[in-house]
2 protein chains.
Amino acid sequence: MPTQHRIERALQLGLQASRQTGHPPRLAAAMQHAVFPGGARIRPKLVLAVALACGEDDTELTDAVAAAIELLHCASLVHDDLPCFDDAATRRGLPSVQRAFGERLAVLAGDALIVAAFQCLALGTRRHLSRLPGLMQTVCQGVGMPMGIVAGQAWECEPQVALRDYQQAKTGALFAAATMAGAQAAGAEGLDWRALGEQMGQAYQVADDIRDVAFDAALLGKPVGQDLALGRPSMARELGLEGALAEFHRLIELTLAIVPVCPGAARFRQLIRLEADRLVPQKLMAERLAERLAAAA
Amino acid sequence: MPTQHRIERALQLGLQASRQTGHPPRLAAAMQHAVFPGGARIRPKLVLAVALACGEDDTELTDAVAAAIELLHCASLVHDDLPCFDDAATRRGLPSVQRAFGERLAVLAGDALIVAAFQCLALGTRRHLSRLPGLMQTVCQGVGMPMGIVAGQAWECEPQVALRDYQQAKTGALFAAATMAGAQAAGAEGLDWRALGEQMGQAYQVADDIRDVAFDAALLGKPVGQDLALGRPSMARELGLEGALAEFHRLIELTLAIVPVCPGAARFRQLIRLEADRLVPQKLMAERLAERLAAAA
């Protein structure tokens, strides 16, 4: 079954409980809106790619882990879009959950998605129970305190913060959880895949900064220029577009260099290269740089 | 070790990860503020009481389960107090988390507490891994969709709702999770304890309604008259104080009547009676009723 189809099916399954008899219908609709249609599904794709590279032996388990990671990502987006944070009107080209369903249901949808993620893990491991505690530890570390994505978001509320620590927690943590959990889903050692996940998270964060300055809103599916508008730290502002592009490619090369020894390493490296060009298309970037040079001349 | 001490120690342990190196300090402080000092700790006490009644064989596991349930309860209070819901200024006699730390950290503290709860379950079950999936299912049902406390809160955002369904989800669900998880922590069958937990949740909800109209703010540790002010359904408004008291005692008697056969049933019944009188002190209620009769005469 194609990767994309596996992920969407696992996510539908993950939200199944929210549509069982007796549920409040607007909350179920808000959860559905938060998860479908998705963005690039980059984290669950990473889970599947790592599990495959490690010699996956239980696709149902891999899919459940991928869904759990994506549900947690969706939960964080819903809460990040709240009026007290970004007050985002749109997300993935549609109204954000808080705009479509109101602030209260956005808070609750985020909460319910976190719970649904853990439910996925519990159900998905029924044939490999011994993998559940490690997977839970990985996921909790990627999301919670002291250095998961919730902690990353909290650094925005602190008077002082180092850019790299902030980005590591805000983005790198869930990428690391995705690669580690992918390995663990296949019965492999999660820790071997941690550095790679962190590296990819950094690369993705730089890509996000680049896209925020170099893409237009239609291409991005959300408002552009948000980092500048909200005074958030940004590599593209710090280093300029050219510097940020160089940093992105350096991080991708580093990522490729540390792929652990595993049965599917070559194919995995190929996937990383494809994903890098999808995130930051070389052709488009060359055009943008040329435009800037022309404007500056 | 006395019950209260076990619970506080388990909660401290449950928040330990949030204070590890690298954490954002204000989020850690907000989480601490959300959990300490506690209220009556009625749900974790219930976990311990049921586990003991069922012949507890791993106190570390029971304590971890009790902490998980209480952390989830605290998370729900922090989110319920947000400006978009109750906008509560105080909680347990102190500023609410949103007032003390701001709305953003209140959202994140709630999220991080949910994650911490699942981390407790994963760590607590290391000697009895086979109990983890059942415990997770119980906890997810008590908190998430379709009928956990998050769903209960979401019914406040629906145009139509039946009072009993709303209260069952909003309060009963976590009580049922507490009794079921208490049994499961001891290796017993959780389902046998579900009806009792739901019944106790109903009794507690009626007690809460009674306290909202019959207690003053100092005694309650939070603003009184909130149900009326916020237009929330309330048994004490629906039936009057006398009617609500009768309903409360009826529910407690029902609860006592359905205690499952277990080694510690007699002691468990005694604990329920003590807790009922702590929640709704008979002497104080007699005084309040006499005052109302005198005022009406």
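All chains are named by letter (A, B, ...) in the order of the sequence lines, taking the proteins before the strands, and each is independently numbered beginning at 1. Please read all numbers here as calculations on a predicted model, not as lab measurements. Values reported hereafter were calculated over all heavy atoms of this structure, with side chains retained and with hydrogens, waters and symmetry mates removed.
With a threshold of 4.5 angstrom between heavy atoms, B/Ala17 approaches chain A through its backbone and through its side chain. Looking at B/Ala28, the atoms closer than 4.5 Å to chain A (heavy atoms on both sides) sit in the backbone and in the side chain alike. If you measure heavy-atom distances from A/Ser76 to chain B, you find no contacts under 4.5 Å at all. With a 4.5 Å cut-off on non-hydrogen atoms, A/Pro83 does not touch chain B at all.
Chosen from B/Ala151, B/Gly152, B/Ala112, the residue pairing most often with chain A at heavy-atom distances under 4.5 Å is B/Ala151. Contact tally against chain A (heavy-atom pairs below 4.5 Å) for B/Gln137, B/Gln20, B/Arg104, B/Gln153: the top residue is B/Arg104. Looking only at heavy-atom pairs under 4.5 Å with chain A, the residue among B/Cys140, B/Ala122, B/Gly144 that has the most is B/Cys140. Most heavy-atom pairs under 4.5 Å with chain A: of the set B/Leu113, B/Ile114, B/Val139, this distinction falls to B/Ile114. Most heavy-atom pairs under 4.5 Å with chain B, from the set A/Gly110, A/Pro24, A/Ala116: that is A/Pro24.
Using a 4.5 Å heavy-atom cutoff, the side chains of B/Met145 and A/Met31 are in contact. The side-chain heavy atoms of A/Arg126 and B/Pro133, taken from C-beta on, include no pair separated by under 4.5 Å. Side-chain contact between A/Arg19 and B/Pro146 is absent, with no heavy atoms from C-beta onward closer than 4.5 Å. Within the 4.5 Å cutoff, the side chain of A/Met136 has heavy atoms near those of the B/Met136 side chain. Annotation: side chain of A/Val143 is not in contact with side chain of B/Phe118 (no heavy-atom distance under 4.5 Å). Side-chain atoms of B/Leu72 and A/Val115, non-hydrogen and from C-beta on, never get closer than 4.5 Å to each other. With a 4.5 Å cut-off on side-chain heavy atoms, A/Leu27 and B/Trp155 do not count as touching.
The line from CG of A/Leu129 to CG of B/Leu129 is 4.0 Å long, rounded to the nearest 0.5 Å. A distance of 7.5 Å separates CG in A/Leu132 from OG1 in B/Thr125, rounded to the nearest 0.5 Å.
When all heavy atoms of B/Val150 and A/Leu108 are compared, the pair lying nearest together is CG1-O, 3.5 Å. Here the shortest heavy-atom pairing between B/Gly22 and A/Met147 reads O-CG, 3.8 Å.
At least one donor-acceptor pair under 3.5 Å links the side chain of B/Arg26 to the backbone N or O of A/Cys157.
Annotation for B/Arg194: atom CZ does not count as buried by contact number, only 12 or fewer foreign heavy atoms lying within 6.0 Å.
Taking the six-membered ring for Trp and thresholds of 30 and 60 degrees, A/His79 and B/His79 have ring planes more than 60 degrees apart, a perpendicular arrangement.
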